[in-house]
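A short write-up of the structure that comes next.
Note that these values count all heavy atoms, side chains included, but never hydrogens, waters or copies made by symmetry. Atoms within each ligand, like the ligands themselves, are counted from 1 in listed order.
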Amino acid sequence: MTKLSYLHGNHSELKLGLVGAGIQASLTPAMHEREAAEHGLTCRYQLIDLDALGLEADALPEILDEAESAGLAGLNITHPCKQSILPLLTDLSADARMIGAVNTVVFCDGRRLGHNTDWLGFRESFLHGMGGVSLERVVQLGAGGGGAATAYALMKMGAEHLDLVDLDHRRCQTLVDRYSAIFGPGRISAATDIEASLAAADGLVHATPSGMKSHPGLPLPGALLRGSLWVAEIVYFPLETELLRAARAAGCRRLDGSGMAIHQAIEAFRLFTGLDADPTRMRRHFLAQLRT
Ligand code: NAD
């Protein structure tokens with residue numbers, strides 16, 4: 001495919017890529033390239049932006065073939081390809097299979113191994129930033145790609161009950177059914193009355209695009225927040241979303257979206273290279289880029 005011919009190049013460098021739509025502002029390439037340099041590796045991390053290339057998700061088979069033959073060690077996968085990539089992979093990690101979404105593909109001896117590092121990213125970030133909070137009753141807004149990973153992490157961390165809310169009711173119910181089959185019935189439900197769900201909750205996880213620079217605003221009435229509620233955000237651009245600002249005003253304990261983004265990249269870096277990234281350095285690089 002000529003459109004992707006720029007993938008070919010120097011074979012001695014570590015070559016990685018990100019496949020998705022509208023990813024020109026992604027911080028992922030610089031995070032991997034800078035961390036690789038700290039380990040003495042030359043890394044070229046390329047954006048394979050469907051929008052910029054005038055392609056749709058149906059170009060994925062060709063993109064994977066091209067990336068593999070160009071000698072890429074692996075790919076990160078983002079919206080809208082995290083699910084459509086599944087049938088094109090040789091094997092899936094147990095977690096990726098259960099979540100039903102892949103954000104990291106490793107090419108190895110002619111095989112394509114799919115992983116999901118988003119859930120680990122959220123878990124790590126949550127354990128560091130929210131240690132000790134109650135997971136008895138949690139409400140999560142958003143059941144898309146990011147929300148599937150955070151809900152999985154919450155269930156794995158022992159959430160006793162999760163109310164899942166999404167404007168797309170079918171999507172929400174599909175995820176509830178999927179996780180009820182894995183974690184047992186009654187631990188996760190689809191909910192529509194946010195006010196009632198929040199009134200009984202210990203914490204709120206936000207996994208919709210609301211609050212991003214491109215989708216400003218609050219995902220729920222700010223008056224529903226109260227000081228006894230913890231609030232975990234996964235949007236990280238901006239770092240303090242309108243939801244986190246409202247949560248600060250209400251006196252809530254808060255977690256921003258940076259930790260999930262950093263820790264998913266740390267795990268992807270380990271899968272690509274076998275090396276442990278330095279979390280403090282990755283965080284410094286991430287925050288520096290966010291400010292530019
Ligand atoms: P997505 O499009 O796959 O899913 C978003 C879901 O939110 C959709 O199902 C949509 O119906 C629902 N939704 C939208 N507005 C809503 C509202 N007001 N109330 C209830 N549901 C609503 O998107 P995604 O890939 O899950 O990403 C969501 C956000 O999370 C984006 O801002 C993305 O950048 C961020 N994200 C961050 C990380 C991280 O590492 N921090 C990882 C993944 C995604």
Side-chain angles (χ1 to χ4, degrees), residues 18-28 31-32 57 76-85 99-104 115-126 128-129 139-153 163-176 178 190-195 197-198 204-222 224 231-244 246 254-269 279 282-283 286-287 289-290:
L18 173 65
V19 182
I23 52 176
Q24 293 302 315
S26 173
L27 305 182
T28 303
M31 263 201 289
H32 283 272
N76 282 128
I77 310 294
T78 191
H79 186 79
C81 305
K82 284 182 181 177
Q83 288 167 327
S84 43
I85 194 132
I99 295 166
V102 156
N103 75 328
T104 303
H115 300 265
N116 188 304
T117 71
D118 282 334
W119 86 272
L120 281 172
F122 182 74
R123 188 190 65 177
E124 283 310 296
S125 176
F126 196 90
H128 284 123
V139 178
Q140 178 177 302
L141 299 187
T150 56
Y152 184 76
D163 266 355
L164 198 55
V165 182
D166 196 296
L167 297 176
D168 182 337
H169 301 300
R170 212 168 64 175
R171 193 174 204 186
C172 190
Q173 191 59 51
T174 301
L175 193 61
V176 166
R178 180 180 197 94
T192 48
D193 185 343
I194 301 182
E195 188 169 352
S197 290
L198 274 182
L204 168 70
V205 176
H206 177 244
T208 87
S210 308
M212 289 175 79
K213 276 239 158 67
S214 52
H215 293 78
L218 280 169
L220 45 67
L224 296 183
V231 177
E233 172 68 279
I234 75 163
V235 174
Y236 59 83
F237 192 64
L239 212 48
E240 188 180 59
T241 58
E242 286 182 50
L243 175 65
L244 286 182
R254 305 171 309 285
L255 182 71
D256 69 37
S258 63
M260 178 177 178
I262 293 161
H263 284 283
Q264 68 74 25
I266 288 173
E267 179 60 11
F269 188 81
M282 286 284 263
R283 179 164 194 83
F286 179 86
L287 294 178
Q289 285 178 73
L290 212 54

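Side chain of Asp166 to main chain of Cys172: no donor-acceptor pair is present (N/O by atom type, distance under 3.5 Å, no hydrogens or angles).
Contacts with ligand 1 closer than 4.0 Å are made by heavy atoms of both the backbone and the side chain of Met260. By the criterion of a heavy-atom distance under 4.0 Å, both the backbone and the side chain of Ile234 are placed next to ligand 1.
Listed by number with element, the atoms of ligand 1 under 4.0 angstrom from any heavy atom of Val235 are 32 (O). Close contacts between ligand 1 and Met212 involve ligand atoms 31 (C), 32 (O) [criterion: under 4.0 Å to a heavy atom]. Taking a cut-off of under 4.0 Å to the non-hydrogen atoms of His79, the atoms of ligand 1 that pass are 2 (O).
For Thr28 and Asn76, the side-chain atoms include no donor-acceptor pair closer than 3.5 Å.
Between Leu220 and Leu141, the closest side-chain pair of non-hydrogen atoms falls below 4.5 Å. Looking at His32 and Phe269, their side chains come closer than 4.5 Å, going by heavy atoms from C-beta outward. His206 places none of its side-chain heavy atoms less than 4.5 Å from the side chain of Leu244. Leu243 is listed as a side-chain neighbour of Pro219, based on a closest heavy-atom distance under 4.5 Å. Thr150 has its side chain out of reach of Trp119: every pair of non-hydrogen atoms, C-beta onward, lies at least 4.5 Å apart.
Within a 4.0 Å radius of atom 16 (C) of ligand 1, the protein has at least one heavy atom. Atom 23 (O) of ligand 1 is not flagged as protein-proximal [any protein heavy atom, distance under 4.0 Å].
Atom-to-atom distance recorded for Leu204:CG and Ile194:CD1 is 8.5 Å, nearest 0.5 angstrom. Note: Glu267 CD to Asp118 CG = 11.0 Å, rounded to the nearest 0.5 Å.
Scanning all protein heavy atoms for the shortest distance to atom 3 (O) of ligand 1 gives Gly145 N, 3.0 Å. Of the protein's non-hydrogen atoms, the one nearest atom 29 (C) of ligand 1 is Thr208 O, 3.7 Å. What sits closest to atom 27 (O) of ligand 1 on the protein, heavy atoms only, is Gly146 N, 4.6 Å. Residue, atom and distance of the protein heavy atom nearest to atom 6 (C) of ligand 1 are Asp166 OD2, 3.5 Å.
Atom 1 (P) of ligand 1 has its nearest heavy-atom neighbour, among Pro80, Gly144, Gly147, in Gly144. Looking at Arg171, His215, Lys82, it is Arg171 that brings a heavy atom closest to atom 8 (C) of ligand 1. Checking Gly121, Gly142, Pro209 against atom 5 (C) of ligand 1, the nearest heavy atom belongs to Pro209. Across the listed options Thr117, Leu167, Asp118, Leu167 owns the non-hydrogen atom lying nearest to atom 20 (C) of ligand 1.
Paired with Asn103 under the rule side-chain contact (heavy atoms from CB on, under 4.5 Å), one option of Leu18, Thr117, Thr78 passes, and it is Thr117.
No N or O atom of Ala143 sits closer than 3.5 Å to an N or O atom of ligand 1. The shortest N or O to N or O distance between Gly257 and ligand 1 is below 3.5 Å.
Checked against the 6.0 Å centroid criterion, the rings of Phe286 and Tyr236 qualify as a close aromatic pair.
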